Number of protein chains: 2
Amino acid sequence: MKEGPDIAQIGALIGDPARANMLAALTGGRALTATELAAAGGITLQTASTHLSKLETGGLLTQRKQGRHRYFTLADEAVARLIESMMGLAASRGHLRHQPGPKDPALRKARICYDHLAGDYGVRMLDSLVASGSIDAVGDGLAVTAKGESDLRSIGIDIGSLKSSRRPLCRSCLDWSERRAHLAGSLGKALLSNFMEKGWARRMPESRSVIFSPEGERQFLKLFPLET
Amino acid sequence: MKEGPDIAQIGALIGDPARANMLAALTGGRALTATELAAAGGITLQTASTHLSKLETGGLLTQRKQGRHRYFTLADEAVARLIESMMGLAASRGHLRHQPGPKDPALRKARICYDHLAGDYGVRMLDSLVASGSIDAVGDGLAVTAKGESDLRSIGIDIGSLKSSRRPLCRSCLDWSERRAHLAGSLGKALLSNFMEKGWARRMPESRSVIFSPEGERQFLKLFPLET
DNA sequence: TTCATACTTCGATCGTAACCGAAGCATCCC
DNA sequence: GGGATGCTTCGGTTACGATCGAAGTATGAA
């Protein structure tokens, strides 16, 4: 029975609460320093340091020195997907870190998932893109249609240049709060940065929440209507 | 930073080597007894018992009493997917339980992944189905075409009845040995059972290996040719 | 009933790893 | 240079959980 890859190492790395919290914080997509991650994990800097080196040698994180800071990121999009899918499973099994509180609503409405939009608004956006025929949903897979390509160009997104990257253009990502798919991949990322550049939305510091301005919200809801 | 689902619980469950081995064994899709799982985990029956109850209350396993036996299965296809994707990640990070040994080749060639065919043959089958136009690959998603529906019917698989199940018809599943996608979902399952009913292939006891008979292998390779 | 098998629960041991205080480097600023 | 900040390494404590022996419960067989 000693065959195949070793799941236990990765499981154990994620299995420690402090480390899990740090990883969850990094799902926000931002590179964070050791000190910030220590706070996220609820531990002292020394302890965080050893945890971080374990996560790095385990291949889940990469670090980048910048001056006297050390910035940590998830090693890979694959890691981000694993974390998100574990969140999905955990949510479906009722393993919650706390009961839904007052801070949750904003998070459920719109938040960052690695580098794209998640939560109610993320799900709505994908639904709307599919309903309008901009994106073709086949099974689990997503593809931009010709109509979608021109529609998206009109709001300032060039599909052609996105296609050239090695990263998949569209990918569906299971949303742990909505339990439905939202849009990941390079297009998901491009859309979110587009909103932020236009000033429609901005990130909250120290959190994964995404806040829409009143005008941005109006535009967003108009651009991605819900058909009833 | 106390927001969202608790990954650590699930990670910790998978993080113990004995439990990880038991879960990996269950990825074979068979229901296994506590005694068999104890052997798979390399531990005594008492220890296995406590592990199994933890896994069950954690929502990763379900058990079914049958006489004086207790049969355990993965709770869900979602759990199976998580385990497989962790295997993929572990393999890509070089976390191997042992160096490739003499027993590996059969496993790399064809093995069970929950309930469908994986390994070299699994990847080949999907490639061939896509190349022949039986399956449409859009991004990560897969869909059966009209041609595929009739082709598959001719080998004894009724897509119509599969569609009625709640489970997705096609799903791509990342193969940890080939690092490419193979076919999962109810169609993947149906194809494998079709091969076994025809006597083309059978499972090895105590292992995830799938062994093709000489005639079965001939037929399989003819049915799913590799275009060069 | 008696015995055997399959499994669980109890109790105790033991190892490992998480943790923090303190000290040690490295980098930046003045 | 001196002093601050960011992080790592060391050492020692502590706590949790994995482990197994032994005893207990349930099911089946004789």
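Proteins get letters first, then strands, A, B, ... in listed order; numbering begins at 1 in each. None of these values were measured; they are calculated from a predicted model.
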Gap between atoms CG and P, on B:Asp16 and C:dT16 respectively (whole Å): 13 Å
Ring centres under 6.0 angstrom apart (B:Phe224, B:Tyr121): no
Residues A:Thr47 and A:Thr44: side-chain donor-acceptor under 3.5 angstrom: yes
Degree of bending in the helix from C:dT1-D:dA30 to C:dC30-D:dG1 once both end axes are built from five pairs, to 10°: 20°
With sequence neighbours excluded, residues passing salt bridge (Lys or Arg N to Asp or Glu O under 4.0 Å) with A:Asp158: none
B:Ser53 and B:Glu56: side chain donor to acceptor below 3.5 Å: no
Polar contact flag, side-chain donor to acceptor under 3.5 angstrom, B:Asn194-B:Glu197: no
Distance below 4.0 Å between A:Thr44 side-chain N/O and C:dC20 OP1 or OP2: yes
Any B:Lys65 side-chain N or O less than 4.0 Å from OP1/OP2 of D:dT27: yes
C:dA18 phosphate, OP1 or OP2, under 4.0 Å from A:Lys54 side-chain N/O: yes
For A:Phe72 against A:Thr33, the heavy-atom pair lying closest together: CD1-C, 4.5 Å
CG on A:Asp115 to CD1 on A:Ile112, rounded to 0.5 Å: 7.5 Å
Separation of C:dT27 P from A:Gln66 CD (nearest whole Å): 14 Å
Interatomic distance where CG belongs to A:Leu61 and P belongs to D:dC7 [whole Å]: 14 Å
Protein N or O to nucleotides 5-9 of chain C N or O, pairs below 3.5 Å:
residue : atom : partner : partner atom : Å
C:dT5   : O4'  : B:Arg68 : NH1          : 3.4
C:dT5   : O2   : B:Arg68 : NH1          : 3.3
C:dA6   : O3'  : B:Arg68 : O            : 3.1
C:dC7   : OP1  : B:Arg70 : N            : 3.1
C:dC7   : OP2  : B:Thr35 : N            : 3.3
C:dC7   : OP2  : B:Thr35 : OG1          : 2.1
C:dT8   : OP2  : B:Ser49 : OG           : 2.6
C:dT8   : O5'  : B:Ser49 : OG           : 3.2

Short N-O contact, A:Glu84 and A:Arg208, less than 4.0 angstrom: yes
